[in-house]
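As structure tokens, the structure follows; a few thoughts come after it.
Here is how names work: the chains are called A, B, and so on, in the same order as the sequence lines, proteins then strands, and each is numbered from 1.
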Amino acid sequence: MRVTHQMIGRSITTNLRNNLAALQEKSNQLATGRNFNRPSQDPVGTYKTMQITGTSLQRNEQFRRNMGEGITWLTVTENALADVTTAVQRLRELAIAAGGALSHGDREAIAPEVKEILRHLVSVANTELGGLYIFGGHRTQAPPYTLTEDPAGIITVNFTGDGEQRLVEIAPAQQLAVNLAGTTAFAGTAFFQTVETMRQALLNNDTVALGGTVLAEMDVNLDRLIQSRAETGARLARLSATEERLLDEHIYLRELRSRIEDIDLAGMVTEFTMQENAYQAALATSARMIFPSLVDFLK
Amino acid sequence: MGTGTFGSFEIGRRALHVQQKGAKVAGQNIANANTEGYSRQVLQLVALVPPAVPGVVTPPGYGVAVSQIDRITSRFYNHQLMQGLTAEHYWGRLGETLEGIETMFLEPGETGINAQLGEFFDAWQELSVNPESFAARVSLREQAQALTGVVRDVYTRLDELKFDLQKETEAVLTEVNTIAAEVASLNQKIVQLQALGKRSNEMLDRRDLRLQELSKHLNIRIIERGNGSLEVQAGGRILLHDNHHYPLELQAGVDQISIKNNLGAVLEVSGGTLEGLLESYNQVISHYQEALDSLVYQLTGAVNRQHRAGFRLDGLQGGDFFRALPGQNRAAASFSLDANILADLRRIAAANAVTGPGNGINALNIAGLRAQLLMSGNTATFHDYFRSMIADLGVEGREAARMHQVMQAATESFRTRQDAVAGVSLDDEMLSLVRFQHAYTAAARYLSTLDQMLEMMLNELGR
């Protein structure tokens, strides 16, 4: 093939341009620390990182936030129930004591303590978490339990909540109730009614009721409490386990995304240096190719 | 003339003249070594033959004459180069559009539609956990506005890109018309010269160069006529013949642009920047806009349906969350929140029944739409759909970039081939300069020798 100076000039220009473009791309990758910044640079990688960013990772983070919320709710519920259990045990002791050989006056003396315990129980049943009443079911913004005492001294406890579950998603399509409504924990108002019955029995010196129905109902209450606490505990355990798993998954997802997106620094620096050498070699050869022609040698 | 002593002088005179012309051609070549489209010229010489007279010993001839100045070029490589340019510029222009669209979508990233869509669903999750919370409602509304905002922004920018493409097409057509007019006028001059038995290599070069430029814009077919003029066809129509050309203009229809000539005939343009532009306008951008429309339409429908099934904080049945859309066409352009939601956050229907403010089950149901297969004939989630769209964009962009590179290399190689034939080599020209210089010197010496011989004859013999 006939070779002209124009051809040499053109091919030098093309080669230098290509080399410089490659050098620029490498330096771009080095500067951004990413293998690709546009979908066309790696369509498959783009699809994958979009999936990780827009679905997996975001969802993981949201589930973890949900779970944090759930753990808070269940822990507060659990603490409240523990408090209630202690109180019920005290009531049970008092009921047993009152069923024994005591005078009417002694029994009457116990009644105020029972009344205090009842008030305390109602206040526990109205436990708030960030302004929300945790035993109210879905009716969280008003105290679910109200205590009223009529002129005859009879105490009534009313329930204005509902038995709905507060559902939180902890995994795709996996929902968990993070509350225990008053309907379950306290059987609506039955629990408080038992305490009031006990108080009335103490005031009326009704030893039969104290030794029989009151004690029996108290045991039913205690059983229900234990069952509720077991359930709350189980849910908490499930949340903790899932949270740990999600944390692992989070780390894994970030690693995966980094593997796809982020450059291998050592490799990239090597490639950059190689590209730089290629460019310098091209420059050096070009410099020697451009000048000489026959003109330089004819005299 | 010719024979005898004075005929010998004539040989010398012609030789001087011709060798000088040779140096002049070399000079012209050297002068144009860097002129784009210049084809090197070669002086063709012919020895003048004396008439054959019977019985007479053939005399040595009358000397030398210029037969013609050849223009060295390869029609084949020139044709290949034009085809290459057409393809290169088609892929280049298409790639430019795709790259522009890529830049608009900002994917992969934390601020694009993909991430915003995810955070929109997350905001519903957050609300489901805290349905009583105004903060969660505010954050949902803000997130929803961020999502609608980024979608509308991308969509509007696609509209703007279309507008720019139309303007660019008009500019390219102006250039095409200018070139066609110039080629037609060159045609006329070349025909006139040829009729006089002459030709101008420079005009032929100029015409070829202009046709090369034309082939960057669209695929052309060139038919040579016997009189030296060219007929150029493009898109199934005659673009120019002899000294006539048919100016092209843009025809804007509903959402589509096409190109017609001044007789009203539509051209089926193939290749070149023009096809790149037409395809960008008529297909590429429309494709991505329609994909966004479909996404927005389905998302609005699904979220609104679920939202209407829920109950607001005030216990009333929920209304639309997003502004209801009349149809899918240009849905993304009017993607926004319903005025009711903007007016009062309590109208966000997080509950699935009238139980209490702590009911966030409907919010959870809406968040659940993220995982439902509601796109592409119920085979893909919203995210899947969008991701596939971006992956398609990436694949198309990569293909265009790669093809552009390949065609660039191909034209480069055709250009080199053409250069190998037509390009000026300074070494060659220097050599031919030296050759003509020597021949000129020798011819001069021949004349002075003749002169001496004549002097000898006149002075010595006549004494």
**Minimum heavy-atom distance between B:Val129 and A:Arg166, given as atom pair plus value** = O-NH2, 2.8 Å
**Fill in**
Smallest heavy-atom separation, B:Ser388 atom then A:Tyr47 atom, equals N-CE1, 3.7 Å
**Prompt:** Most heavy-atom pairs under 4.5 angstrom with chain A, which of B:Glu429, B:Gln408, B:Glu399, B:His383?
**Reply:** B:His383
**Complete:** Most heavy-atom pairs under 4.5 Å with chain A, out of B:Glu396, B:Arg417, B:Met430, belong to B:Met430
**Request:** With rounding to the nearest 0.5 Å, note down the distance linking CG in B:Asp419 to CE in A:Met7.
**Result:** 6.0 Å
**Asked** Does atom OH of A:Tyr252 have more than 12 heavy-atom neighbours from other groups under 6.0 Å away?
**Response** no
**Asked** Any side-chain heavy atom of B:Asp428 sitting closer than 4.5 Å to one from A:Arg2?
**Response** yes
**Asked** Could B:Glu110 and A:Arg257 be called an ion pair, given the rule that one side-chain N must be under 4.0 Å from one carboxylate O?
**Response** yes
**Asked** For B:Arg40, is it the side chain, the backbone, both or neither that has a heavy atom under 4.5 Å from a heavy atom of chain A?
**Response** side chain
**Message:** Rounded at 0.5 Å granularity, tell me how far CD in B:Gln125 sits from CZ in A:Arg65.
**Reply:** 9.0 Å
**Request:** Determine the minimum heavy-atom distance between B:Thr35 and A:Gln6, stating which atoms define it.
**Result:** O-NE2, 4.2 Å
**Prompt:** If we ignore angles and hydrogens, is there a donor and acceptor under 3.5 Å between the side chains of B:Asn359 and A:Glu164?
**Reply:** no
**Request:** Let me know if B:Ile361 has heavy atoms under 4.5 Å from chain A in its side chain, its backbone, both or neither.
**Result:** side chain
**Asked** Of the listed residues (B:Ala367, B:Pro131, B:Ala400), which shares the most heavy-atom pairs with chain A below a 4.5 Å separation?
**Response** B:Pro131
**Distance-only donor-acceptor check, side chains B:Arg370 and A:Gln62, under 3.5 Å** = no
**Request:** Mind checking the CD1-OG1 spacing from A:Ile8 to B:Thr416? Nearest 0.5 Å is all I need.
**Result:** 11.0 Å
**Item:** Contact check, side chains of A:Pro43 and B:Arg398, non-hydrogen atoms, under 4.5 Å
**Value:** yes
**Prompt:** What part of B:Gln405 gets closer than 4.5 Å to chain A, counting heavy atoms only: side chain, backbone, both or neither?
**Reply:** neither
**Prompt:** Would you say A:Arg59 and B:Phe121 make side-chain contact, with heavy atoms under 4.5 Å?
**Reply:** no
**Prompt:** Using a distance-only test with no angle check, is there a side-chain donor-acceptor pair under 3.5 angstrom linking B:Arg387 and A:Thr55?
**Reply:** yes
**Request:** Can you measure from CZ (B:Arg415) to OG (A:Ser11) and round to the nearest 0.5 angstrom?
**Result:** 13.5 Å
**Message:** For B:Gln28, is the CD atom crowded, meaning more than 12 foreign heavy atoms sit under 6.0 Å from it?
**Reply:** yes
**Asked** Of all heavy-atom pairs between B:Ala420 and A:Met1, which one has the smallest distance, and what is that distance?
**Response** CB-CG, 3.4 Å
**Message:** Please check if the number of heavy atoms outside A:Lys26 that lie under 6.0 Å from its NZ is greater than 12.
**Reply:** yes
**Message:** Checking an interface table here. Which of residues 173-187 of chain A come within a heavy-atom distance under 4.5 Å of chain B?
**Reply:** A:Gln175
**Request:** Can you tell which part of B:Glu119 gets under 4.5 Å to a heavy atom of chain A, answering side chain, backbone, both or neither?
**Result:** both
**Residues of residues 93-109 of chain B near chain A, each having a heavy atom less than 4.5 Å away** = B:Glu99, B:Glu102, B:Glu107, B:Pro108, B:Gly109
**Request:** To the nearest 0.5 Å, tell me how far B:Ser128 OG sits from A:Asn66 CG.
**Result:** 6.0 Å
**Request:** Search all heavy atoms of A:Thr4 against all heavy atoms of B:Val424 and return the closest pair with its distance.
**Result:** CB-O, 3.5 Å
**Prompt:** Side chain, backbone, both or neither: which part of B:Ala401 has an atom under 4.5 Å from a heavy atom of chain A?
**Reply:** neither
**Prompt:** Relative to chain A, which segment of B:Ile113 carries a heavy atom at a distance below 4.5 Å: side chain, backbone, both, or neither?
**Reply:** neither
**Message:** Looking at every heavy atom in both A:Gln58 and B:Ala115, which two are closest together, and how far apart are they?
**Reply:** NE2-O, 2.8 Å
**Message:** At a 4.5 Å cut-off on heavy atoms, which part of B:Ile390 comes close to chain A: side chain, backbone, both, or neither?
**Reply:** both
**Request:** With a 4.5 Å cut-off on heavy-atom pairs, point out which of A:Val3, A:Leu167, A:Leu132 contacts chain B the most.
**Result:** A:Leu132
**Asked** Do the side-chain N and O atoms of B:Glu132 and A:Thr140 include a donor-acceptor pair separated by under 3.5 angstrom?
**Response** yes
**Request:** Against chain A, label B:Val434 side chain, backbone, both or neither, depending on which of its atoms sit under 4.5 Å from a heavy atom there.
**Result:** side chain
**Asked** If we only count heavy atoms from C-beta on, is the A:Arg10 to B:Glu412 side-chain gap below 4.5 Å?
**Response** yes
**Message:** Taking side chain as everything from C-beta outward and backbone as N, CA, C, O, which of these in A:Phe63 sits under 4.5 Å from a heavy atom of chain B? Side chain, backbone, both or neither.
**Reply:** side chain
